[in-house]
Amino acid sequence: MEKRGKRVDCPALPPGWKKEEVIRKSGLSAGKSDVYYFSPSGKKFRSKPQLARYLGNTVDLSSFDFRTGKMMPSKLQKNKQRLRNDSLNQNKGKPDLNTTLPIRQTASIFKQPVTKVTNHPNNKVKSDPQRVIEQPRQLFWEKRLQGLSASDVSEQIIKSMELPKGLQGVGPGNSDETLLSAVASALHTSSAPITGQLSAAVEKNPAVWLNTSQPLCKAFIVTDEDIRKQEERVQQVRKKLEEALMADILSRATDSPDLDEPSRDAKARGDGI
């Protein structure tokens with residue numbers, strides 16, 4: 001049983017709030033008291049969390065003492081200090097794994113010289129810079145060159161060269177322009193032999209069986225006859241270039257005869273001597 005007390009005003013809470021202290025008369029806890037608060041509408045509150053949820057942000061109950069019904073700032077300071085001490089003790093008890101330096105459990109207690117090795121000659125991964133610098137090749141990257149053509153100084157598009165009939169493109173959207181770009185890029189960027197796509201499965205599924213180190217063309221073989229024909233073409237072009245240079249020199253000589261006057265005067269003076 002409880003002996004009800006008298007409800008009194010609580011100055012720490014908004015106007016109309018009442019506080020009541022009830023003393024227990026029986027049981028093991030006889031003589032102890034329970035504190036209750038009543039809102040202006042008569043609603044009963046048995047704990048501070050329940051009271052804080054009801055009031056919300058209208059009243060700051062951080063320093064409110066539920067038993068006495070008064071604001072006690074000193075109690076708030078004690079709670080903050082206790083929480084701060086608890087956090088510090090918790091950090092001391094559990095070291096931060098992110099900042100704690102690793103400890104070698106088998107380290108000797110005696111100071112021993114340590115040799116730091118930064119270069120491993122026998123390690124291919126460490127000693128091969130090409131392996132580190134080399135980037136993965138993109139599939140069908142030659143398609144990005146579609147629609148691009150070379151132009152001369154007068155912005156006239158230069159006619160594309162004709163490739164041998166033995167060279168045939170492979171892959172999606174292959175064309176003569178794409179094939180030429182693929183072969184030219186492979187010759188310029190790679191020092192390995194250019195053989196084309198050796199696997200026959202690349203024609204069925206290029207996205208899986210494509211060899212990215214080779215151009216987008218079917219396998220081909222350069223014969224000795226192809227090399228001789230190419231040499232003849234080079235010789236013919238060189239001969240035409242030589243004839244054009246000689247014609248240019250002769251045309252310049254005939255257009256400027258005054259340039260030879262000093263030489264004739266010098267020859268005449270030599271004959272007189």
>> Can you give me the closest heavy-atom contact between Cys10 and Lys19, atom names plus distance?
In response: CB-CB, 4.4 Å
> To the nearest 0.5 Å, what is the distance between CZ (Phe64) and CE (Met71)?
Replying inline: 6.0 Å
>> Restricting to non-hydrogen atoms, name the atom on Arg24 and the atom on Asp34 that form the minimum distance, rounded to 0.1 Å.
In response: NH2-OD1, 2.6 Å
> Where is the tightest heavy-atom contact between Gly31 and Ile23, given as atom of each residue plus distance?
Replying inline: O-CG2, 3.9 Å
>> Rounded to the nearest 0.5 Å, what separates atom CZ in Arg53 from atom CZ in Phe45?
In response: 10.0 Å
> Would a hydrophobic clustering, with Ile, Leu, Val, Met, Phe, Trp and Tyr connected at side-chain separations under 4.5 Å, put Ile227 with Ile194?
Replying inline: yes
>> I need the Ser63 OG to Lys70 NZ distance, nearest 0.5 Å.
In response: 13.5 Å
>> Just to verify, what does Ser191 make a side chain to side chain donor-acceptor pair (under 3.5 Å) with, not counting sequence neighbours?
In response: none
> Looking only at atom types and distance, does a side-chain atom of Gln197 sit under 3.5 Å from a main-chain N or O of Pro215, one as donor and one as acceptor?
Replying inline: yes
>> Do Val35 and Val8 sit in one hydrophobic cluster, given that two such residues count as connected whenever their side-chain heavy atoms are within less than 4.5 Å of each other, even indirectly?
In response: no
> What pairs with Thr68 under side chain to side chain donor-acceptor pair (under 3.5 Å), at least two apart in sequence or on another chain?
Replying inline: Asp65
> If you take all heavy atoms of Ser41 and Tyr54, which pair is closest and at what distance?
Replying inline: OG-OH, 4.5 Å
> Ignoring hydrogens and geometry, is there a side-chain-to-backbone donor-acceptor pair from Gln214 to Pro193 under 3.5 Å?
Replying inline: yes
> What heavy-atom pair brings Leu179 and Cys217 nearest, and what distance separates the two atoms?
Replying inline: CD1-CB, 3.2 Å
>> Test question: given the 4.5 Å side-chain rule for I, L, V, M, F, W and Y, name all other residues clustered with Leu198, or answer none.
In response: none
> Where do Ser47 and Phe66 come nearest, in terms of heavy atoms and distance?
Replying inline: C-CE1, 3.4 Å
>> Going by side chain to side chain donor-acceptor pair (under 3.5 Å), name the residues that satisfy it together with Lys18, two or more places apart in sequence or in a different chain.
In response: Asp9
> If you round to the nearest 0.5 Å, how far is CZ of Arg7 from OH of Tyr37?
Replying inline: 13.5 Å
For residues 231-249, which side-chain N or O atoms pair as donor and acceptor with protein atoms under 3.5 Å away, sequence neighbours left out?
| residue | atom | partner | partner atom | Å |
| --- | --- | --- | --- | --- |
| Asp248 | OD2 | Arg252 | NE | 3.4 |

> Can you find a heavy atom in the side chain of Arg46 that is under 4.5 Å from one in the side chain of Tyr36?
Replying inline: yes
>> Counting C-beta onward and ignoring hydrogens, is there a side-chain heavy-atom pair between Asn211 and Ser199 closer than 4.5 Å?
In response: no
>> Tell me every residue that passes side chain to side chain donor-acceptor pair (under 3.5 Å) with Arg67, counting only those two or more places apart in sequence or in another chain.
In response: Ser33
> Is the closest side-chain heavy-atom distance between Leu51 and Trp17 below 4.5 Å?
Replying inline: yes
